[in-house]
Amino acid sequence: MSVTNFCSADAPTTSAVRAKVTFQTLQEKKQSSRPITALTAYDYATARLVDEAGIDLILVGDSLAQVVLGYDTTLPVTVDEMLHHTRAVRRAVKHAIVAADMPYGSYHVNVEVGVANAARFMKEAGAEAVKIEGGLNRVELVERLTDAEIPVIGHLGLTPQSVHRMGGYKVQGKSTAAADALLRDALALEETGAVAIVLEGMPREVAENITHRLNIPTIGIGAGPDCDGQILVFHDLVNLSFSKPAKFVRQYGDAASLFRSAIDGYLHDVERREFPSESESYHLPKESRGTLEAAAPIRRKA
């Protein structure tokens, strides 16, 4: 339906040459107190922009259920949908680590199902890691995934797949007992092989304590500035979420306004027959045009 030419990811638009980011890179950043940068991405175009900007870690988050597919929660998104989007992101990325969220139900039945689904993300979609939610209740799975050579990123605190159990998207770890439980979860994930842990929706002090107690990197979202890195949802970053942003979100652009302006301009020009113009149209060679017009004169609209 289009004759537009798209550049492949093998033809970079920038001249900078960067080394491939690995989990060893992230570990070195933690040890040298250099912040880790992470963003979500769900398709080729946005993943390419994120990668070319120099972001360390790209997460194909199950948040795509809400910001791409229009669901109210992350729960409905399927393994096949996540694989589809992970493949699109993988095609765009040359430097960042690509990690994929394991969606709800893909690892909750039993460990064997979890390992099998995680292997699909590595083998079929080219992910370099998977992310799972939970702490002590996931240690057997983390250990098995690690044994299967699948890097695991943990996720603690406000875990969206537990939205019904938590009674909504609420800050976690606000009591001493709850903070202690999060620390135990984090230490257990590290002990069983997790390569990093996302800390979401918890008091800054709790995230800072966990970060200092762990040898592996922490990546925060709504967990204060003391984590080893930060992550945001791409659509929140550029105002494409169509909802009130969470307290921890900082918008760095207004893509919604840009897109609306472009669409309004297109609508205006098409309705007034100002697009496409003569210079934006293809033409027959002069001799062919004469033959065509002689055979069937064209009556152009005023």
Side-chain angles (χ1 to χ4, degrees), residues 1-14 16 18 20-23 37-107 116-133 150-153 155 160-161 196 198 219 221 231-242 252-253 255-256 258-259 262-263:
M1 197 58 198
S2 172
V3 293
T4 302
N5 293 317
F6 290 95
C7 294
S8 74
D10 294 322
T13 57
T14 61
R18 297 190 307 276
K20 177 72 177 73
V21 180
T22 67
F23 284 105
T37 58
L39 274 173
T40 67
Y42 315 101
D43 58 32
Y44 177 91
T46 53
R48 180 160 179 172
L49 291 172
V50 171
D51 189 49
E52 290 180 354
I55 295 293
D56 296 317
L57 171 68
I58 295 176
L59 174 67
V60 187
D62 60 357
S63 48
L64 73 85
Q66 294 159 294
V67 300
V68 176
L69 302 180
Y71 293 116
D72 292 331
T73 71
T74 65
L75 301 182
V77 70
T78 67
V79 170
D80 286 339
E81 288 170 329
M82 290 297 302
L83 288 169
H84 171 83
H85 287 272
T86 304
R87 283 192 289 266
V89 168
R90 175 73 275 170
R91 295 182 194 111
V93 176
K94 298 299 179 184
H95 305 288
I97 295 170
V98 175
D101 257 332
M102 296 276 286
Y104 178 74
S106 65
Y107 58 97
N117 282 322
R120 292 189 67 191
F121 280 97
M122 306 292 285
K123 192 174 183 67
E124 298 178 30
E128 296 165 86
V130 296
K131 182 173 76 63
I132 62 173
E133 298 181 6
I150 300 174
V152 180
I153 299 173
H155 186 160
Q161 292 176 7
V198 171
I219 299 172
I221 177 168
I231 187 169
L232 281 177
V233 171
F234 181 89
H235 289 60
D236 289 341
L237 186 85
V238 297
N239 189 29
L240 276 180
S241 297
F242 301 98
Y252 287 84
L258 173 65
F259 289 172
I263 294 165

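Numbers here simply count residues along the sequence, with the first being 1. Note that the structure is a prediction, hence the values are computed from the model and not measured.
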For the pair Ile97 and Phe23, evaluate side-chain contact (heavy atoms from CB on, under 4.5 Å) and give the outcome as yes or no after the intermediate values. CA-CA 8 Å; Ile97 295 170; Phe23 284 105; 3.8 Å; yes
Can you check side-chain contact (heavy atoms from CB on, under 4.5 Å) on Asp51 and Arg48, steps first, answer last? CA-CA 5 Å; Asp51 189 49; Arg48 180 160 179 172; 5.8 Å; no
Apply side-chain contact (heavy atoms from CB on, under 4.5 Å) to Arg120 and Asp80, showing your working. CA-CA 10 Å; Arg120 292 189 67 191; Asp80 286 339; 3.3 Å; yes
Which is it for Phe259 and Leu240 under the side-chain contact (heavy atoms from CB on, under 4.5 Å) test, yes or no, and what are the steps along the way? CA-CA 10 Å; Phe259 289 172; Leu240 276 180; 3.9 Å; yes
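Of the possible polar contacts, one joining the Asp56 side chain to the Thr37 backbone as a donor-acceptor pair under 3.5 Å is found. Lys131 places no side-chain N or O within donor-acceptor distance of the main-chain N or O of Met102, the cut-off being under 3.5 Å. Using a distance-only test at 3.5 Å, with no hydrogens or angles considered, no donor-acceptor pair links the side chain of Gln66 to the main chain of Tyr71.
The nearest pair of heavy atoms linking Pro103 to Val77 is CB-O, 3.6 Å. The two residues Leu75 and Pro160 make their nearest non-hydrogen contact at CD2-O, 4.5 Å. Of all non-hydrogen atoms in Ala100 and Thr86, the two that sit nearest each other are CB-OG1, 3.7 Å. Between Asn239 and Ala256, the shortest heavy-atom contact is O-CB, 3.1 Å. In this structure, Val93 and Ala96 approach most closely via the heavy-atom pair CG1-O, 3.5 Å.
In this structure, CG on Leu49 lies 11.5 Å from CD1 on Ile55, to the nearest 0.5 angstrom. Annotation: the span from Leu232 atom CG to Phe234 atom CZ amounts to 11.5 Å, rounded to 0.5 Å. The CD atom of Glu124 lies 9.5 Å from the CG atom of Asn117; values are rounded to the nearest 0.5 Å. Interatomic distance, CZ of Arg87 versus CG of Asp43, reported as 14.5 Å (0.5 Å rounding).
Using a 4.5 Å cut-off on side-chain heavy atoms (C-beta onward), Tyr44 and Val89 make no contact. In this structure, the side chains of Ile153 and Ile219 stay at 4.5 Å or more apart for every pair of heavy atoms.
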Review item, side-chain donor-acceptor pairs of residues 58-65, under 3.5 Å, at least two apart:
residue, atom, partner, partner atom, Å
Asp62, OD2, Gln161, NE2, 2.8
Ser63, OG, Tyr42, OH, 2.6

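Checked against salt bridge (charged side-chain N to carboxylate O under 4.0 Å, His left out), Arg90 has the following partners two or more places apart in sequence or in another chain: Glu128.
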